[in-house]
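Just so you know, ligand 1 is whichever comes first in the structure, and atom 1 is the first atom listed for that ligand.
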Amino acid sequence: MSEDQHKKRDPEQYVDLGHFDLENHLKTQVALYEKRLKEGTAANKVAAFFATNLLGFAYHYLKSRFGPKAAYQYYPSNGDDGIYRLHTYTEAVTIALVSDWATDTPESDLIGNLIRDYDPDYTIHLGDVYFVGTPEEVATNFTNPDASWHFGKHGSLALSGNHEMYSNGSAYFKKLLPAMKIRKGDQIATQQAGFFCLENEHWRIIGLDTGYNSTNRPLLEVLFKPDCNLRDEQLKWLTDIVKLNDPNDKRGIILLSHHPYFSSFRDDHPVVGRQLKKVFGAAERPVLWFWGHEHRLSFYNQFGFPDGIKAWGRCVGHGGMPVETDAPDRGHLGQLLFYDQRIRERIRRRNVGYNGFALLTIQGPAITVQYIDQKKQTVITERWTVDPTGQLTTEILEIHPEVTKY
Ligand SMILES: [Fe+2]
């Protein structure tokens with residue numbers, strides 16, 4: 001895009017000008033997204049992201065992976081405690097969750113624009129900016145005028161995955177977080193750390209940072225897999241500021257993280273659940289936990305490792321990468337409820353599934369979660385309800401007829 005195009009704006013953009021900086025910013029983004037969609041300016045092809053593209057990955061990895069890790073950021077920071085009350089202009093709060101989305105491909109543009117169609121109050125990225133979370137990759141996916149990230153009406157937040165840390169996390173902390181704005185009362189806050197809590201009188205939605213400790217020293221991490229443990233600063237925040245250990249707080253708990261607590265397809269991360277059990281203490285109860293990292297959509301019944309919290313798992317790592325459709329071959333098969341094994345197309349002789357995202361609609365003690373695919377089809381709709389003791393109940397309302405019930 002030339003300098004001139006950056007300076008020019010269509011007068012239509014100024015019609016219905018909002019009162020908040022955030023709203024004005026969003027209107028600008030919407031106009032630019034529409035232009036970008038028409039022009040098809042995505043930089044990457046999704047085929048470049050296959051796990052078999054080792055050469056491509058090794059190139060980016062080796063180029064970015066050396067040097068010290070970015071300094072850890074935590075609350076309180078600039079007067080912010082990382083807790084944000086949920087806002088909406090309607091009777092229900094809507095939140096779009098999308099993970100492993102930032103690939104700057106026609107697929108990620110499609111999902112970014114689909115999220116915009118639903119116009120949610122909040123949008124949250126559950127991590128992984130590809131290939132390795134460089135400043136340029138943050139810009140092309142999130143912050144350039146023609147980037148296809150959709151900012152929620154009341155804000156956006158971003159978790160770190162492992163890929164942000166492959167470039168040592170500096171672009172995540174110094175470029176992506178400063179772009180993530182969220183309403184805090186009548187102020188607009190900037191995300192200060194890789195974890196956060198969104199809440200109202202019925203629910204607490206807690207974003208956890210499993211990314212920072214998902215990498216080790218270069219190459220060594222290939223041999224000794226890091227366990228993604230939550231750093232002490234984060235555990236202290238969960239205890240002292242969020243007060244997850246308060247037995248009188250009976251709100252429903254929803255966790256978000258990049259890495260799965262458990263999986264039937266790839267690695268478990270039991271340490272995180274064990275750390276959380278210690279934080280909860282007597283206030284512990286089973287939680288709903290959304291994660292990504294695996295490029296698929298899957299659903300698990302309640303499970304917990306010994307000495308770890310119990311959680312219903314939902315993997316929503318199908319945001320922007322080629323979606324894997326392979327059958328499960330690890331543990332927890334007894335807990336696996338569904339996975340979206342539908343094949344969308346074959347790319348490079350590999351089966352590729354449907355990209356998508358999750359849309360949460362929060363109405364009092366009930367949350368409806370709709371899993372929407374790139375063709376705007378509903379894959380599954382489920383409803384969660386929290387009772388006055390903080391216990392969750394769940395009910396599946398709708399399943400796409402071609403989705404495998406495991
Ligand atoms: Fe990941």
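H258 is listed as a side-chain neighbour of S99, based on a closest heavy-atom distance under 4.5 Å. Considering only heavy atoms from C-beta on, V98 comes within 4.5 Å of W101 through its side chain.
Distance alone, capped at 3.5 Å, is enough to place a donor-acceptor pair between the Y122 side chain and the H87 backbone.
Contacts of H295 classified as ring pair (Phe, Tyr, Trp, His ring centres under 6.0 Å), with partners at least two apart in sequence or in another chain: none.
Between K45 and D104, none of the side-chain N atoms (NZ, or NE/NH1/NH2) sits under 4.0 Å from a carboxylate O, so this pair counts as no salt bridge.
Around the Fe ion (ligand 1), protein N, O or S atoms at less than 2.8 Å comprise D128 OD2, N162 OD1, H258 NE2, H293 ND1.
Checking each of R85, K250, R251 against E201 for a salt bridge (Lys or Arg N to Asp or Glu O under 4.0 Å) leaves exactly one that passes, namely R85.
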